> 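Please see the structure below; I have some questions.
Keep in mind that what you see is a predicted model, and the values were worked out from it rather than measured.
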Amino acid sequence: MIRLFTGIELPDDIKDHVYSLRGGVPLAKWVEKDKLHLTLRFLGNIQEDIADNIHDELCQLRFPSFNLALAQIGYFATGNTPHHLWTGVNYYQALDDLSSKIDTISRNNGVQNDRFKFHAHVSIASLKGTSMDDVFRFISANNLFHTHEFKVYYFTLFSSHARENGEGKYYRIEARYPLTLY
């Protein structure tokens with residue numbers, strides 16, 4: 001079994017800009033800079049032979065390259081309990097379409113539907129015990145956040161692994177899939 005997801009890698013200068021948002025939210029666990037990415041489709045724990053089939057089909061996927069910029073700050077909550085802070089994107093249609101194509105390949109290979117509807121974002125912090133007031137203050141202080149546009153030339157298949165010391169996880173790039181240049 002291997003734990004996989006597809007995503008968009010962020011350029012280093014974009015990661016630096018997002019990373020500069022850290023702080024000012026009690027009880028937030030900020031995403032490490034090297035883990036900042038935009039998830040397209042979480043595949044979960046799957047058998048290696050299924051992973052090979054998905055890889056083969058992703059190699060055949062044709063999709064045009066596109067521009068992207070990160071913009072705005074938001075949060076996910078269950079009821080009145082916030083659990084994640086994120087930054088959104090300015091051009092979500094291309095990401096929705098690419099995610100949908102990857103989702104079709106995944107489902108055709110027996111991978112269960114992702115339990116969350118796709119929402120293009122980059123997670124920046126997980127929250128446990130943080131108040132909504134603290135979240136709203138952070139969003140208000142950063143409501144003009146945006147990055148410059150960057151070109152997305154490929155998407156990536158990542159694997160997720162537990163660290164041997166038990167302190168979190170790390171991601172490894174398994175493959176990159178080029179997008180068509182127009």
Side-chain angles (χ1 to χ4, degrees), residues 1-22 29-70 84-89 91-92 94-116 118-126 147-182:
M1 294 285 261
I2 186 167
R3 188 171 185 85
L4 297 173
F5 65 94
T6 58
I8 302 291
E9 294 177 62
L10 302 176
D12 287 340
D13 63 328
I14 300 295
K15 286 182 182 181
D16 289 343
H17 196 167
V18 173
Y19 196 74
S20 72
L21 292 169
R22 295 169 66 93
K29 182 177 179 191
W30 298 94
V31 175
E32 299 167 32
K33 191 183 329 186
D34 65 332
K35 288 188 192 171
L36 290 169
H37 68 279
L38 189 150
T39 299
L40 291 167
R41 174 62 156 88
F42 178 71
L43 301 170
N45 294 318
I46 60 176
Q47 299 290 336
E48 282 82 0
D49 60 330
I50 294 173
D52 289 341
N53 291 343
I54 291 171
H55 167 70
D56 291 344
E57 289 188 43
L58 291 175
C59 286
Q60 301 305 313
L61 178 64
R62 297 295 170 251
F63 196 86
S65 60
F66 54 91
N67 291 329
L68 188 63
L70 303 182
H84 280 89
L85 287 172
W86 49 261
T87 179
V89 300
Y91 303 124
Y92 62 87
L95 291 166
D96 286 352
D97 294 346
L98 180 56
S99 175
S100 178
K101 288 182 179 292
I102 295 168
D103 186 57
T104 298
I105 289 170
S106 302
R107 283 185 286 110
N108 288 345
N109 281 280
V111 176
Q112 291 183 353
N113 287 338
D114 197 337
R115 64 184 180 139
F116 299 109
F118 179 72
H119 176 270
H121 71 282
V122 174
S123 291
I124 59 174
S126 59
T147 68
H148 65 80
E149 275 190 10
F150 59 96
K151 189 77 162 180
V152 177
Y153 294 104
Y154 60 88
F155 68 96
T156 304
L157 180 66
F158 294 93
S159 59
S160 177
H161 305 271
R163 295 190 191 278
E164 288 184 19
N165 64 7
E167 294 181 16
K169 58 190 172 201
Y170 66 94
Y171 304 143
R172 182 170 51 224
I173 294 170
E174 298 294 332
R176 288 187 174 117
Y177 307 97
L179 300 176
T180 307
L181 297 176
Y182 285 109

> Any ion pair linking Lys15 and Asp34 (charged N to carboxylate O, less than 4.0 Å)?
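Not counted as a salt bridge, because no side-chain N and carboxylate O are separated by less than 4.0 Å.
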
> Taking atom OH of Tyr92 as the centre, does the number of heavy atoms from other residues, nucleotides or ligands within less than 6.0 Å exceed 12?
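Incorrect, the count does not exceed 12.
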
> Considering non-hydrogen atoms only, spot the tightest contact between Leu40 and Ser99 and give its length.
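Residues Leu40 and Ser99, closest heavy atoms: O-OG, 2.8 Å.
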
> So Leu21 and Leu85, side-chain contact (heavy atoms from CB on, under 4.5 Å) or not? Walk me through it.
CA-CA 11 Å; Leu21 292 169; Leu85 287 172; over 6 Å; no

> Locate the shortest heavy-atom distance separating Val31 from Ala125; write the atom from each residue and the value.
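Val31 and Ala125 have their closest heavy atoms at CG2-N, 3.9 Å.
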
> Would you say Ser100's side chain and Asp96's backbone share a donor-acceptor pair under 3.5 angstrom?
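Absent.
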
> What are the two closest non-hydrogen atoms of Ile124 and Trp30, and how far apart are they?
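Between these two residues, the closest heavy atoms are O-CE3, 3.3 Å.
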
> Any salt bridge linking Asp103 with Arg107? Criterion: basic side-chain nitrogen under 4.0 Å from a carboxylate oxygen.
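A salt bridge is present here (some side-chain N lies under 4.0 Å from a carboxylate O).
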
> Side-chain polar contacts of residues 42-51 - donor-acceptor pairs under 3.5 angstrom, sequence neighbours left out - could you list them?
from	atom 1	to	atom 2	distance (Å)
Glu48	OE1	Met1	N	3.1
Glu48	OE2	Met1	N	3.1

> As an exercise, state the distance from CG of Leu98 to CG of Leu38, rounded to the nearest 0.5 Å.
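It comes to 10.0 Å.
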
> Are Lys33 and Asp12 side-chain neighbours, meaning at least one heavy-atom pair lies under 4.5 Å?
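When only atoms from C-beta onward are counted, Asp12 and Lys33 do not touch, as no gap falls below 4.5 Å.
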
> Which atom names give the shortest non-hydrogen contact between Val18 and Thr87, and what distance separates them?
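Smallest heavy-atom distance, with atoms named: CG2-CG2, 4.5 Å.
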
> Could you give the side-chain donor-acceptor pairs of residues 153-160 under 3.5 Å, partners two or more places apart or in another chain?
from	atom 1	to	atom 2	distance (Å)
Thr156	OG1	Glu9	OE2	2.6
Ser159	OG	His161	NE2	2.7
Ser159	OG	Glu174	OE2	2.5

> Do the rings of Phe150 and His148 sit parallel, tilted or perpendicular, given the 30° and 60° boundaries?
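The arrangement is perpendicular - the two ring planes meet at more than 60°.
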
> What is the distance from atom CD of Glu149 to atom CG of Leu68, rounded to the nearest 0.5 Å?
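It comes to 8.5 Å.
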
> So, taking the atom named CG in Leu10 and the one named CG in Leu36, what distance separates them when rounded to the nearest 0.5 Å?
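Atom-to-atom, Leu10:CG and Leu36:CG are 6.5 Å apart.
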
> For the atom pair CG (Leu4) and CZ (Arg172), what is the distance rounded to the nearest 0.5 Å?
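Leu4 atom CG to Arg172 atom CZ measures 10.0 Å (nearest 0.5 Å).
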
> Do Arg41 and Val111 come within less than 4.5 Å of each other through their side chains, counting heavy atoms only?
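Result yes, sub-4.5 Å side-chain heavy-atom pair found.
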
> Ignoring hydrogens and angles, write down the donor-acceptor pairs under 3.5 Å from the side chains of residues 53-64, residues two or more places apart or on other chains.
from	atom 1	to	atom 2	distance (Å)
His55	ND1	Tyr177	OH	2.8
Glu57	OE2	Asn109	ND2	3.0
Arg62	NH1	Cys59	O	3.2

> Where is the tightest heavy-atom contact between His37 and Lys35, given as atom of each residue plus distance?
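Closest approach of His37 to Lys35: ND1-O, 2.6 Å.
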
